[in-house]
2 protein chains.
Amino acid sequence: MATTVLHTTVLDSLGRRITSGDVAAGTPLTLESIGSEFGVSRTVAREVMRLLEGLGLVRSRRRVGLVVLGIEEWNVLDPRVIRWRLEGPGRDSQLRTLTELRHAVEPLAAAGAAVHATDGERTELVAAARRMRMLGEAGDLEEFLALDVRFHELLLRASGNEMFGALAGVVAAVLSGRTHLGLMPASPVPEALDQHEAVAHAVADGDPRAAEAAMAAIVGEVRAALGGVDRQV
Amino acid sequence: MATTVLHTTVLDSLGRRITSGDVAAGTPLTLESIGSEFGVSRTVAREVMRLLEGLGLVRSRRRVGLVVLGIEEWNVLDPRVIRWRLEGPGRDSQLRTLTELRHAVEPLAAAGAAVHATDGERTELVAAARRMRMLGEAGDLEEFLALDVRFHELLLRASGNEMFGALAGVVAAVLSGRTHLGLMPASPVPEALDQHEAVAHAVADGDPRAAEAAMAAIVGEVRAALGGVDRQV
DNA sequence: TGTGGGCTATTGGTAGCACCTTTGGCAAGT
DNA sequence: ACTTGCCAAAGGTGCTACCAATAGCCCACA
């Protein structure tokens, strides 16, 4: 995202520290303290501070400094905040809430894709599903993951709603987090492969209902595996 | 959000200009041009630039300046970006994509609320639904809107998923946009009032399925009224 | 025609200043 | 003891000036 190293270093460090709860809400920081701790100038500290303020992690008040805000003020949908929280101690709960978000969004996105996807997207989706079966049966987890990510991103972007498309990065993080956390079976279950193909074909056929149902099955299963909270499908 | 006027002025102006398509993707800006146009120093221009970069609206490159990015790079879920787009020419399409997002999220949030809401939230929800009926039948649109916003915010915040809670502002914007754009009937249709009460009671009773179904009915109807795209409920 | 090297525009980062708002404490009066 | 009001310091807000690094662009030369 940011091309520069300096800002990202300081920003990531502070962002992680706040989102992890390492510094509690209400704690005051100052530009001075940031600058001296990281050995950067006031200017850089100020720019980082503005970013953090934009993310709702902190509010700057005169004479007080930057007071850390509570989670209800955070832009929890911002990719950076999501990343920090996934790297922090609340990883599991974050994975749960993100999965719930997927559960909400992806079926509708699939339905949208069935209506709005271009011809190229439809064929690529079908091809991706087919290759996923091959890789899944071969047991190549890393390659499978990459393709899985690609599949879901393609679908979200093809949904005709850029709000859904913006969640592609989130879904990628969830998928990757899941496999690298060992929450995935050694080789994908056949049902998942079937359902991915079902989604792809429903989209290719322009059948929004079928696409939505198949996607709901995919994400519903995942949710159950993660220890679903409510609503059994 | 920002306590200062200067940044917000410049930021809003540039943000609106970009999100409205007034300056096309690929257009280069420079700190110099920003500073001189708005009569601010380089420092302020830089902070604004960082913010815009964080929102994915521009990318800063040396020797070139800030190149405006295409919509696929934008953080379209960020409250500021949403606000700008709602104020710009693409308002109707933005309202459509946001409504679709509501359609995806709110039913699941209702189900979550049925499981996770506190006692206080449940009773307030029921009370809000009852007052909405009174105000709706009285025809007081402004008051009704305020309560409608409160109802949905309460529900999203009670869902037990802060991702959903973060969308409260979005829903508020959509609701308010709808009534102020004259997309609402002079007095709320009785079905909507019934369904709001149904949601409230399902949440109060701890019945996630019923809450989800009732909320789906609310938001599904809205979608149809706005000129639904696919999936007829 | 192609390629390498230098020029320069523009961001990246630093330092230090003046200003203004806020706030916490102190003092005086009730 | 409690309130009121004033004052001083703290710390963000905004500005200017300056140097470093990098990357696009053009020109000279092969």
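Numbers restart at 1 for each chain; the letters A, B, ... are given by sequence-line order, proteins then strands.
A salt bridge does not link Arg157(B) to Glu124(B): none of the charged side-chain nitrogens sits closer than 4.0 Å to a carboxylate oxygen. In summary, Arg50(A) and Glu53(A) engage in a salt bridge, as defined by a charged side-chain N under 4.0 Å from a carboxylate O.
Using a 4.0 Å cut-off, no side-chain N or O of Thr30(B) falls inside it from OP1 or OP2 of dA9(C).
By the neighbour-count criterion of 12 heavy atoms within 6.0 Å, atom CD of Glu72(A) is densely surrounded, having more than that number from other residues, nucleotides or ligands. For Arg133(B), the CZ atom is densely surrounded, since the number of other residues' heavy atoms within 6.0 Å is greater than 12.
The CG atom of Leu66(A) sits 11 Å away from the P atom of dG11(D) (whole-angstrom rounding). Between Leu31(B) atom CG and dC18(D) atom P the separation is 18 Å, expressed in whole Å. Taking atom NE2 on His7(A) and atom P on dT11(C), their separation rounds to 14 Å, with Å as the unit.
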Study note, to complete from the structure: Expected string for nucleotides 20-25 of chain C under the B/S/- scheme (protein heavy atoms, under 4.0 Å, primed atoms plus P, OP1, OP2 as sugar-phosphate) is BSBB--

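Within a heavy-atom distance below 4.0 Å of DNA chain D, the residues of residues 32-50 of chain A found are Arg42(A), Arg46(A), Met49(A), Arg50(A).
Leu167(B) has its side chain within reach of Leu77(A): a pair of non-hydrogen atoms, C-beta onward, lies under 4.5 Å apart.
Residues Asn161(B) and His116(B) bring no donor and acceptor atom of their side chains to less than 3.5 Å of each other.
In this structure a side-chain-to-backbone donor-acceptor pair under 3.5 Å is missing from Arg102(A) to Val219(A).
Evaluated for a side chain to side chain contact (heavy atoms under 4.5 Å, CB included) with Ile82(A), the options Val76(A), Leu98(A), Asn75(A) yield exactly one hit, Leu98(A).
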